[in-house]
There are 2 protein chains.
Amino acid sequence: MKPETRKDEIIKTAAKLFKEKGYSAVTMRDLAKAMGIKAASLYNHINSKQEILKDIIISLAETFTEGMKRIKSSEASSIEKLEQVITLHVEISSNNIYGMASLNNDWMHLEEKLEYYLALRSGYEEDFRNILEEGVKGNEIDNINVEVMLFSILSTLRSLYLWIPNKEDVNTQELSKNLSKVLIHGIHA
Amino acid sequence: MKPETRKDEIIKTAAKLFKEKGYSAVTMRDLAKAMGIKAASLYNHINSKQEILKDIIISLAETFTEGMKRIKSSEASSIEKLEQVITLHVEISSNNIYGMASLNNDWMHLEEKLEYYLALRSGYEEDFRNILEEGVKGNEIDNINVEVMLFSILSTLRSLYLWIPNKEDVNTQELSKNLSKVLIHGIHA
DNA sequence: CTACAAAACTAACAATTGTTAGTTTACTTG
DNA sequence: CAAGTAAACTAACAATTGTTAGTTTTGTAG
């Protein structure tokens, strides 16, 4: 682990504020006040407000893409892959609740990096869809509308950041297991 | 149906813009341009930007609360109630995709009406939780962590607005049925 | 103690924000 | 046509926005 730079602190604080009010509603003066300094001082460490958002979102999006790549190339069954995807989301989300808020809600303000982000997201969804389709083909997964399944599961996983902080002890293993149960087997045997 | 006033048009246009960029990033000049008039002219019909957001969100929140009240007081089984809640979300969301975006993402900018909104939301979630708990008690629903079930289902339903526009023919009946299948019985028999 | 770099500061900027005041245009009704 | 009202306009405001320039303070290594 590299030591945390002042820039890292700023980005972390910004992510927290972005989660509360959204990127656009947070001013550089808000951010400076939260850091205990003046707005102009922020620019000794970062180049622009824009760049902060980019740093928050792109690194997260790439982490998801890398995780998916690993899962995709594994030899696991479709259901196992699905469980691995669930665990991936639980782990990334619990490690970066604030960043996940920006990833979900502020990506449209990315500007120069918007296209790249959208490409990562499309690729991720496509890989997710393939896992489900393979599962249906192999009779591991019921032959329901794949888009409905994809949407339902992905919506839940993408909202994890809203929910995790409310639970005191984030036992990620326990949470992954419970989520897998609910998402895969439903709530009614 | 009352005839649509100019104010209604403004609110509808605003909701559309709010969905694209979020409340804070949409300026009154953006909204005016989308309406084909000048920013100052908006104030012949509305009192403030704030009020537009309030009109969008509160009416939706109240619609959900009324729907839940109806479902709660029905004689249906727990699973049937759950199906009714799913249908409620599908119908409200498909009738007001843009407003649902504000409801989900811009509620924190409500200011004077924030407390009221939060009360409605808490009440709604509590009613939802009760349906699940009753279902578990009556052996209609598996004895899994109720909070995980609540979170998972609600996350999916709250994200509907993101997904519905992508599907050409929004056959709400079909969608409700498929969603019920996935949310209640999972994806793997 | 000196020198240097990191990181804070003050002051200011040009642009943009929501909103108001006052005026003109367009439409409807008698 | 006259009068009234609904809805647009122009012009401006005070506040806030992200950011820059230039300067001072703070901490560290020789």
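Computation of the quantities below employed the complete heavy-atom set of this structure, encompassing side-chain atoms and omitting hydrogens, waters and symmetry-equivalent molecules.
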Test: Lys12(B) and Glu9(B) ion pair at under 4.0 Å: no
Rounded to whole Å, how long is the line connecting atom CD of Glu9(A) with atom C1' of dA7(C)? 12 Å
Regarding Ser41(B) and Asn44(B), do their side chains bring together a donor and an acceptor under 3.5 Å, going by distance alone? no
Side-chain ion pair, Asp30(B) and Lys21(B), N-O less than 4.0 Å: yes
Contacts table for residues 54-69 of chain A: side-chain donor-acceptor under 3.5 angstrom, sequence neighbours left out:
{"residue": "Ser59(A)", "atom": "OG", "partner": "Asp55(A)", "partner atom": "O", "Å": "3.1"}
{"residue": "Ser59(A)", "atom": "OG", "partner": "Ile56(A)", "partner atom": "O", "Å": "3.4"}
{"residue": "Glu62(A)", "atom": "OE2", "partner": "Tyr116(A)", "partner atom": "OH", "Å": "2.5"}
{"residue": "Thr63(A)", "atom": "OG1", "partner": "Ser59(A)", "partner atom": "O", "Å": "2.7"}
{"residue": "Thr65(A)", "atom": "OG1", "partner": "Ala61(A)", "partner atom": "O", "Å": "3.0"}

Which residue, Lys81(B), Lys72(B), Arg70(B), forms the salt bridge (Lys or Arg N to Asp or Glu O under 4.0 Å) with Asp127(B)? Lys72(B)
Please list, by residue number, the residues of residues 12-21 of chain B whose heavy atoms come closer than 4.0 Å to an atom of DNA chain C; answer none if no residue qualifies. none
Salt bridge present between Arg158(B) and Glu125(B) (N-O < 4.0 angstrom): yes
Every protein N/O lying under 3.5 Å from an N/O of nucleotides 8-18 of chain D:
{"residue": "dA8(D)", "atom": "OP1", "partner": "Arg6(B)", "partner atom": "NE", "Å": "2.8"}
{"residue": "dA8(D)", "atom": "OP1", "partner": "Arg6(B)", "partner atom": "NH2", "Å": "2.8"}
{"residue": "dA8(D)", "atom": "OP2", "partner": "His45(B)", "partner atom": "NE2", "Å": "2.6"}
{"residue": "dA8(D)", "atom": "N7", "partner": "Asn44(B)", "partner atom": "ND2", "Å": "2.3"}
{"residue": "dC9(D)", "atom": "OP2", "partner": "Lys38(B)", "partner atom": "N", "Å": "2.5"}
{"residue": "dC9(D)", "atom": "OP2", "partner": "Ser41(B)", "partner atom": "OG", "Å": "3.0"}
{"residue": "dT10(D)", "atom": "OP2", "partner": "Lys38(B)", "partner atom": "NZ", "Å": "3.1"}
{"residue": "dG18(D)", "atom": "OP1", "partner": "Val26(A)", "partner atom": "O", "Å": "3.4"}
{"residue": "dG18(D)", "atom": "OP1", "partner": "Lys49(A)", "partner atom": "NZ", "Å": "3.0"}
{"residue": "dG18(D)", "atom": "OP2", "partner": "Met28(A)", "partner atom": "N", "Å": "2.8"}
{"residue": "dG18(D)", "atom": "N7", "partner": "Arg29(A)", "partner atom": "NH1", "Å": "2.9"}
{"residue": "dG18(D)", "atom": "O6", "partner": "Arg29(A)", "partner atom": "NH2", "Å": "3.0"}

Indicate the ring-plane relationship of Trp163(B) and Phe151(A), choosing parallel, tilted or perpendicular according to the 30° and 60° boundaries. parallel
Whole-Å distance between dA7(C) P and Asn47(A) CG? 14 Å
For the pair Glu147(A) and Arg129(A), find out whether any cationic side-chain nitrogen is under 4.0 Å from an anionic carboxylate oxygen. yes
